[in-house]
Amino acid sequence: MNGPSRPNSGQDISFTFDGTRYTARTGDTLAAALLANGIGLVGRSFKYHRPRGIMTAGVEEPNALVTVGEGGRAEPNTRATDVFVYDGLVAQSQNRWPNLSLDFGAIFGLAAPVFSAGFYYKTFFGSAKRWMFYEHFIRKAAGLGNAPREADPDRFSQRAAFCDVLVVGAGPAGIAAALEAAEAGKRVILVEQDDILGASLIRDPQELDSAWAKESADRIRAAGGHILTRTTASGYWEHDLVTLTQRLAEPGQVPANGVAQRLWHVRANHVILATGSIERPMAFPHNDRPGVMLSQAVRTYVRRFGVCPGQRVVIATNNDDAYLTAHALKDAGAQIVAILDARPAPAGQANGFTTFNNAHPLATKGSRHCLKSVSGIVDGITKSWDADLLAVSGGFTPVVHLHCQAGGTLEWNDTAQAFVPAQSRQNVKTIGGAAAPAPVFSSAPVVPAKKSFVDFQNDVTLADVDLAWAEGYRSVEHLKRYTTLGMATDQGKTSNMGALARLAEKQGVAIPEAGLTTFRPPYTPVTMGLFAGTAAKDAGAHKRRLAFYDVHAAKNPIWQPLGYWFRPRAYPMTGESLAEAAMREARSVRTAVGMTDVSTLAKFEVSGPDAVKLLETVCATTVGKLAIGRGRYTFMLREDGFVFDDGTIWRIDENRYLLTSSTGGADRMATHLSYVRNYLHPELRVSVVNVQEHYAGIAIAGPKAQSVLATLIGEEPPRHMSTIAARIAGVAVLVLAASYSGERAFEIYVDARNAEPVWAACETAVVGTGGCLYGLEAMEFLRIEKGHLVVGGEIDGRMTPHDLALDKMLNKAGGFIGAAGLTRPALSEAGRRQLVGLEAVEGSIPEGAMLVTPDGKSPEGHVSASAFRIMDGGSLALGQLTDGFLRHGEELIATSPTRGQRARVRVVAPHFYDVAGERYRD
């Protein structure tokens with residue numbers, strides 16, 4: 001398989017495949033390196049464990065899936081055609097045992113008639129106990145590569161970008177479009193999944209060449225454009241948002257700059273798709289044997305990598321493009337023993353080659369490692385040729401995935417026998433080969449269906465398509481799910497059109513009438529760590545640092561994820577457990593003073609002459625009656641009348657208000673405010689600014705909070721639900737008198753850039769008065785005992801203001817979102833769950849427990865939050881209970897079967913501490 005001339009520009013590097021060391025050249029893909037080393041067998045298919053070789057030269061590769069890297073960096077199911085060899089690369093074949101050449105799993109191929117389409121549905125049924133038996137074997141057989149067991153040491157990052165023009169694909173059409181836009185003064189981003197621009201110009205030299213591609217790239221950059229290589233446009237979303245997956249290091253490689261991959265969120269004014277097309281294979285028996293490759297892929301290996309995949313070659317085609325492969329192979333010293341052209345008339349490029357018209361491949365023969373002969377039908381007569389390579393070209397399928405993800409439609413191009421982009425719903429245009437694929441000859445012979453593969457990765461044959469049809473599956477979507485066609489990691493890039501043609505043939509209709517499956521993101525597989533970004537080590541959550549992060553970190557707190565943030569859950573002293581630390585902190589708030597970080601609360605400044613109108617649309621309580629310097633508790637409803645968030649509203653000035661809401665609901669509230677401002681009331685003269693991260697927040701609470709704050713600001717603190725501007729440590733602050741703990745409390749907001757001196761001054765004063773810092777766990781104890789609500793617990797999207805005993809606070813004038821929804825009779829009928837308090841009569845109340853009657857009937861509610869009394873001991877909780885307002889005094893069972901815990905509880909009012917509210921008004 002060694003080519004006649006390898007590129008001289010690359011250096012020799014070494015890699016291993018299945019434990020054997022080989023040599024490659026820099027710039028080689030792993031597939032090119034394997035072919036250069038004479039390796040034809042690279043993998044086994046999923047279901048039948050059939051021997052498979054390299055079929056393509058791009059991301060559409062269905063066969064050559066390997067595991068690259070070791071330990072936590074091992075990346076399974078990596079396409080050998082889409083990883084560039086680096087010195088020390090380690091690759092392993094997959095889905096075989098004990099080795100690639102001798103795979104005992106190949107026995108499944110002998111049982112192919114049993115494992116035909118719908119095998120799972122026809123076999124694995126019966127009782128639940130029987131399914132548990134099946135599951136053991138299914139899990140062992142599932143998948144191709146094995147996920148690594150070690151932690152991934154790599155880091156991932158995310159970036160956002162904006163541009164006037166985003167060009168996807170750096171072939172000749174894409175480069176030209178990006179160059180034109182950049183030199184017209186547009187902000188341009190050009191992305192290419194390969195590591196070079198204009199790779200097709202190496203495969204097919206034209207008037208334009210690779211030197212033109214390099215010169216154009218320099219001009220694009222000089223005009224201010226940005227070029228990203230090894231970057232795939234993985235998804236196209238609403239409002240011309242395109243996600244890009246950028247590889248900064250190859251799979252398994254230690255990243256030079258510490259970041260392995262980057263996820264880009266690019267918002268573009270206009271998107272140009274120059275994504276090209278994918279060559280289609282042909283369906284005939286044993287068309288999956290190593291040594292059967294796509295024609296353009298063969299040409300790529302010859303001209304770009306200097307690797308000739310075979311010396312005696314048969315070419316099968318229905319179009320002109322394959323003749324370019326014939327010339328490339330001939331120039332490389334290979335012998336073209338036959339060209340099987342499906343078209344009835346000779347092609348113009350057929351001179352100099354042994355060409356047969358009305359000819360189709362019939363079958364292949366060979367070993368598990370290589371191809372030995374090809375048979376075909378020529379004008380109805382069977383012929384055979386000795387060959388070690390069969391290059392096939394069944395036409396071209398435009399890459400329309402992003403166009404369709406953007407909501408675009410497709411139309412059938414009869415000349416190309418393919419779907420091409422039609423109307424676009426967003427600001428996107430498709431150019432080049434993706435818009436106008438090469439013409440093909442449409443007729444195809446009837447071939448034996450068995451072992452004629454259409455989906456190479458999932459082992460779906462024409463016989464499977466025929467069986468699905470015979471068993472009543474007419475929709476292409478049903479066919480897909482019944483046969484698993486197009487559901488592998490390649491998402492049917494080489495298989496869908498062949499299967500669709502067969503389905504249309506069975507139906508006796510044209511291909512467009514048979515339908516088409518849905519193109520969903522991502523275009524190619526994306527590692528889960530990339531979605532997590534910098535928070536990949538934190539259960540996939542996005543991660544933002546508090547303004548006071550370093551201050552907290554120095555005290556070694558227990559951290560807790562909350563929304564995007566990690567906040568201190570408690571500050572344990574030596575030997576303290578979480579519960580002990582939280583109870584100590586909560587008691588400090590009850591008896592002296594405590595201080596906590598509330599920076600993450602959602603905060604919005606609403607200003608303008610129509611600020612009240614906007615706020616009384618969003619908030620279900622009155623706003624207009626607030627005096628300057630005063631605030632009040634408020635809550636917000638969905639349009640159906642259910643509470644979805646709560647917070648406070650403060651009148652800072654004549655036409656300026658500060659609205660706070662929950663940390664976890666910050667993004668949701670920002671979207672809601674934007675919707676009201678821009679869609680429901682675009683006529684309002686009002687501005688809404690999200691200031692969540694502009695202000696750092698500190699809460700000081702407890703009987704001594706007022707004296708502590710008076711010392712800090714040098715004046716009398718504001719009374720409850722009032723606000724003043726002040727200075728602490730010489731820094732301007734806004735002080736709000738509001739309590740979440742049930743004690744006299746204040747929230748201090750300060751520009752986050754100047755916040756540390758304020759924190760230091762507050763901490764010194766609090767600790768000096770016998771207080772301490774407290775975290776989320778103590779905050780939870782305090783708010784449960786006081787009966788305050790939390791979003792996600794009591795406010796869970798299913799409760800109305802009446803259910804939460806908030807209905808007396810509703811704006812009687814109406815006009816707020818959700819007011820109409822509250823008029824529905826079902827929301828005032830008996831039998832709704834309502835907020836209650838629960839006291840333990842016996843045992844400790846488990847959080848999340850079901851509430852059942854002592855006779856053990858169906859659950860009538862659940863525990864939303866539980867805690868221990870801070871000063872007096874004993875277990876208490878908040879919960880939701882059917883007709884709960886009428887059931888005070890009733891005893892129930894709180895049971896949690898998953899924890900094996902239960903308690904006897906008494907239903908009471910949901911306020912356990914200072915019911916009259918005297919302490920926070922003192």
Side-chain angles (χ1 to χ4, degrees), residues 563 600-628 630-695 697 721 723 736 738 740 747 749 788-792 794-804 806-824 827:
T600 61
L601 286 176
K603 298 176 282 291
F604 304 91
E605 285 201 5
V606 183
S607 58
D610 295 327
V612 170
K613 173 64 175 176
L614 180 85
L615 288 168
E616 290 198 337
T617 302
V618 172
C619 302
T621 61
T622 58
V623 174
K625 296 179 181 180
L626 279 177
I628 295 174
R630 295 286 289 166
R632 67 167 302 159
Y633 173 79
T634 190
F635 52 92
M636 304 81 177
L637 310 184
R638 299 193 310 241
E639 291 180 338
D640 56 9
F642 292 94
V643 181
F644 82 89
D645 212 332
D646 71 341
T648 58
I649 182 72
W650 305 84
R651 191 173 186 180
I652 308 300
D653 209 335
E654 180 66 27
N655 292 322
R656 181 176 168 224
Y657 294 80
L658 178 66
L659 172 67
T660 72
S661 61
S662 66
T663 293
D667 286 354
R668 180 177 63 241
M669 183 57 67
T671 301
H672 186 62
L673 286 166
S674 176
Y675 166 70
V676 176
R677 171 66 184 85
N678 295 314
Y679 293 96
L680 294 187
H681 290 294
E683 78 286 356
L684 295 181
R685 298 166 299 165
V686 62
S687 166
V688 180
V689 180
N690 187 340
V691 292
Q692 180 187 27
E693 295 183 52
H694 174 73
Y695 287 119
M721 296 313 293
T723 177
L736 313 178
Y740 192 60
E747 293 176 4
Y749 290 108
H788 285 159
L789 310 178
V790 70
V791 175
E794 294 70 47
I795 301 176
D796 64 358
R798 298 177 295 179
M799 303 289 275
T800 69
H802 178 74
D803 300 333
L804 295 169
L806 299 175
D807 48 310
K808 292 181 180 179
M809 299 176 63
L810 288 170
N811 187 343
K812 293 180 174 56
F816 54 86
I817 292 176
L822 289 176
T823 64
R824 292 180 295 163
L827 298 191

Check against side chain to side chain contact (heavy atoms under 4.5 Å, CB included), Cys619 and Asn811: CA-CA 9 Å; Cys619 302; Asn811 187 343; over 6 Å; no
CZ/Arg685 to CG/Asp610 distance, rounded to the nearest 0.5 angstrom? 4.5 Å
Dump the intermediate steps for side chain to side chain contact (heavy atoms under 4.5 Å, CB included) on Val790 and Ile795, then the final yes or no. CA-CA 6 Å; Val790 70; Ile795 301 176; over 6 Å; no
Glu683 atom CD, neighbour heavy-atom count above 12 within 6.0 Å: yes
Could you grab the distance from atom OG1 of Thr660 to atom CE of Met669, nearest 0.5 Å is fine? 9.5 Å
With a 4.5 Å heavy-atom cut-off, do Thr617 and Phe816 have their side chains touching? no
Residue pairs, two or more places apart or on separate chains, that pass ring-ring contact (aromatic ring centres under 6.0 Å, His included) and touch residues 632-665: Phe644-His672
Arg651 and Gly624: which non-hydrogen atoms are nearest, and at how many Å? NH1-O, 4.2 Å
Heavy-atom closest pair (Asn690 atom, Ala670 atom, distance to 0.1 Å) is ND2-CB, 3.9 Å
Working note: Thr634 + Asp646, criterion side chain to side chain contact (heavy atoms under 4.5 Å, CB included); need CA distance, chi angles, decisive distance, verdict. CA-CA 6 Å; Thr634 190; Asp646 71 341; over 6 Å; no
Can you confirm whether Leu806 sits close enough to Leu789 that some side-chain heavy atom of one is under 4.5 Å from a side-chain heavy atom of the other? yes
Nearest 0.5 Å, please: how far is CG in Leu659 from CG in Leu601? 11.0 Å
Result of checking Leu658, Leu626, Thr622 against Ile649 for side chain to side chain contact (heavy atoms under 4.5 Å, CB included): Leu626
Which pair of non-hydrogen atoms, one from Glu605 and one from Arg656, has the smallest distance, and what is that distance? OE2-NH2, 3.0 Å
With a 3.5 Å distance limit and no angle check, can you tell me whether Asn678 reaches the backbone of Ser674 through a side-chain donor-acceptor pair? yes
Heavy atoms only: give me the nearest Gln692-Ala666 pair and the separation to one decimal. NE2-CB, 3.6 Å
Arg632 side chain reached by Thr648 side chain, heavy atoms, under 4.5 Å: no
For Ser662 and Asp645, test the side chains for any donor-to-acceptor distance below 3.5 angstrom and give the result as yes or no. yes
Can you find a heavy atom in the side chain of Val688 that is under 4.5 Å from one in the side chain of Leu614? yes
Is a donor on one side and an acceptor on the other found under 3.5 Å between the side chain of Asp653 and the backbone of Asn655? no
Between Leu810 and Pro801, is there a side-chain heavy-atom distance shorter than 4.5 Å? yes
Polar side-chain atom of Arg824 near backbone of Gly821 as donor-acceptor pair, under 3.5 Å: yes
Using a 3.5 Å distance criterion without hydrogens, assess whether the side chain of Arg677 forms a donor-acceptor pair with backbone atoms of Val686. yes
Output yes when a side-chain donor or acceptor of Arg668 lies under 3.5 Å from a complementary backbone atom of Thr671, and no otherwise. no
What residues, two or more places apart in sequence or in another chain, satisfy ring-ring contact (aromatic ring centres under 6.0 Å, His included) together with Phe604? none
Counting C-beta onward and ignoring hydrogens, is there a side-chain heavy-atom pair between Leu827 and Thr800 closer than 4.5 Å? yes
Closest non-hydrogen atoms of Ala620 and Leu637, given as atom of the first, atom of the second and distance, are CB-CG, 4.0 Å
For residues 673-695, pull every pair meeting ring-ring contact (aromatic ring centres under 6.0 Å, His included), keeping only residues two or more places apart or in separate chains. none
Do the side chain of Glu616 and the main chain of Val623 share a donor and acceptor less than 3.5 angstrom apart? yes
Kindly indicate whether the side chain of Met799, heavy atoms from C-beta on, has any atom under 4.5 Å from the side chain of Glu794. no
